[in-house]
Structure formats: C-alpha cells, structure tokens
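Structure first, commentary second.
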Amino acid sequence: MAVDSFSAKARKISADIGAHYVDNARKLPWRAPPGGDRPDPYHVWLSEIMLQQTTVAAVKSYFETFTQRWPSVESLADASEADVLAAWAGLGYYARARNLHKCAVYVSEKLNGIFPQKESELLKLPGVGAYTAAAVAAIAFGERAVVVDANIERLVARLFAIDTPLLKGKAEIRTAMDAITPKKGAGDFAQACMDMGATICTAKNPKCDICPVQEQCAAFAAGNMEAYPVKPPKKHKPVRRARFFWIERQGRILLATRPPNGMLGGMRALPDDGWAAGQDGHATPPIAGEWRVHENIVQHGFTHFSLEVDLAVYQDGKIATDRDREIWWPLADIAEAGLPTLYAKAVKWKLKEET
Ligand code: SF4
C-alpha cells in the first residue's frame, strides 16, 4: 500500500474507533469513562497485571477484593506475600502475584508510593513488561504509548491483513498499531481497541455487520477474517506425571508451603513428589504406612506441558509430623487455604469421592 493511502486509512480507522468508543465503552471497575478524568494508576497497574492471560470476567471479582482489602499501593506493600498469594489463588500464573507484591514494595519504599509516568520508567518496575508499561503510561498518564494486547493484535492483524505468523508478525502488528494510535488520547484509544477485540472483532464469528471500521478492513474485504492473526504451527505439549499426598488426621489435612522459587513458589499446597522439577509421579510417600493411590484424578494444562496427577491418600487419627513449612489445615476451612487451582482441583476430587 502506498504511504499516503496507508496514512489515510490509518487516520480513518483511528477516528472511527475513537468515535465508536465514546458511546460503547465497557464499564469496568478500574476504568474512567471516555474523555473523563484519568483513572487511579494503582488501579490501572493492578488490573493490567491481573488481566495478563486472564479474562475480564474472571478478573473483576479479584480486582474488587484486592482494592477493598488493599486500597492503595502502600497497603498492598504492607501485606505479607503469603496473604497476597492466597488472595490471588485461582487466577493462575502465580509469578504475577509475587511480582505484584515486589512491585508494590518497590513503589511504596523507593518511589514514595507514586508510580512513574513514563513508559521507559515503568518498564523498570518488577513484573512490568512492555505491554503493561505501555498500557499504564497511556491509560493512567495519557502518554502516547503503543499498546498491543491479544485483542488488539487480532483486530489490527485483520484490519491490515498482516499474514506474517506470530511471533514474527508481532513487529508488523505493532507498527500498524503505532500508525493508528492518535497523538492525544492514546489511553482511551487503546481501551477502545481492547473493547473492539473483546466484543466485536472476536476470535470466532466476528460481528463485522456492526463493526465501525468494516469499510477499512482488509480481512473483511477478502472474506477471511478468522485467518488472522496467523498462528505458528502448534507444538506438541509433553505430558508430565505428578503425585500429590493427602495426609489426613482428625478433620485436618497436611499442607506444605512450596519453596519460594520455581513454579507456584511460596504457595500453600498439598505435599507432592516435586513434579515441578520433572519427577515422574512415583515418589516415595513422606510417611510409611498404608497408602491408597488414585490414578490420574486431575489433568491440568500449563503453558509448556500438561500434568496428570495421582493422589496418594493416608488417613490416620494419630499421624504426627513437625516438619518445617507444613501445617495441619482444617478441612472445613479448606476454601480459605488459597490453594493454586491445580491443588484445589485435587482437593475437590477427594472431597467429592468421599460423599
Ligand atoms: Fe474485525 Fe470484522 Fe471489523 Fe474487520 S470488519 S475489524 S474482521 S469485526
């Protein structure tokens, strides 16, 4: 496409998406209305960290819980990491929660509780990557930053029929997003594009009949909207095996705190065979005795592998252990233990099996 016609198309897309947002913005608890006052940077940062790899619907209740319990970055910094991890339980990708807490401590202690405004400075914060830095700079501080999340990636790839497969295609998508991002109002524009991707230019069955940029859309013109963004060929995911240990005594089960580094680090969980380090699910039980093994009770998908979990059960009224990092947790309050989803699934399976 010639440079002039590309610029003209970019300007038209920018104006049409911006105009559409004024009346169609989603109302979300961390947002300010279009053109209104800027939202609280703490809210924007918190929501953007929560929204990585997670849907808006799943995030809403966590956001409300976090902001009620910790209404400022300083109060979040004052919380213990264990409390933050427990409150995060169920959202997944727990490294985010540990970095969230680290970042809160950093902003509170080193920056007097004030988030930096520039994308380049935000990038230096723990757990803040390119996407989050751009989103916070644009949405909370009005900086002209180019924001590209998965929804925007899909929208832009379709508008410009960018057929270079991801991940390579990301650079082209970013260039196109840069071209349509206005000088002023980059935050509203980014949120307008996120909304378009989430509600109109959806992965399956995009609603092109109500799309404000249908006339400008190259994929629509070619009738192959769902071909974009072009995905790389799927890699086969390896399967790992794990064994969890259910050790029960007088209405309580034994939980362990996972080592601070590594997968699900620092979270409370059932004792296990060290699967995160590549074990094969056949470890020796931590206590000698009569174990009942239930095979393959839970399958769980991680980004780079799938896990099949066996549960080994030992129930005895008199077991005693006093190892570090272990706690007898009342089964009646297991929902409050803040177990990661993988372990919560195993607990749910066991409790159901008993009924
Ligand atoms: Fe997406 Fe369809 Fe709009 Fe193109 S016309 S941007 S494919 S919703």
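Each residue takes its place number in the sequence, starting with 1. Please read all numbers here as calculations on a predicted model, not as lab measurements. Both counts, for ligands and for their atoms, begin at 1 and track the order of listing.
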Chi angles and distances behind the side chain to side chain donor-acceptor pair (under 3.5 Å) call for Arg258, Tyr343 = CA-CA 12 Å; Arg258 295 178 60 74; Tyr343 292 86; 2.9 Å; yes
Between Glu81 and Arg98, is there a salt bridge with N-O shorter than 4.0 Å?
-> no
Below 4.5 Å, heavy atoms only, C-beta onward: do Phe160 and Lys9 meet side chain to side chain?
-> yes
Cationic N near anionic O, under 4.0 Å, Asp273 to Arg241 | no
Indicate yes or no: does Arg144 engage Asp178 in a salt bridge with an N to O separation below 4.0 Å.
-> yes
In ligand 1, the atoms that come under 4.0 Å of a heavy atom of Leu155 are 6 (S)
Short list, please: which atoms of ligand 1 are under 4.0 Å from a heavy atom of Phe220?
-> 5 (S)
Which residue and heavy atom of the protein sit nearest atom 7 (S) of ligand 1, plus the separation = Met225 CG, 3.4 Å
Could you list the atoms of ligand 1 found under 4.0 angstrom from a heavy atom of Arg158?
-> 7 (S)
Assess Cys211: does it contribute an N, O or S atom lying under 2.8 Å from atom 3 (Fe) of ligand 1?
-> yes
Looking at atom 1 (Fe) of ligand 1, what's its closest protein heavy atom, distance included?
-> Cys201 SG, 2.4 Å
Please state which protein non-hydrogen atom is closest to atom 2 (Fe) of ligand 1 and give its distance, to 0.1 Å?
-> Cys208 SG, 2.3 Å
Which residue and heavy atom of the protein sit nearest atom 4 (Fe) of ligand 1, plus the separation | Cys217 SG, 2.4 Å
Ring centroid separation for Trp275 and Phe302, is it under 6.0 angstrom?
-> yes
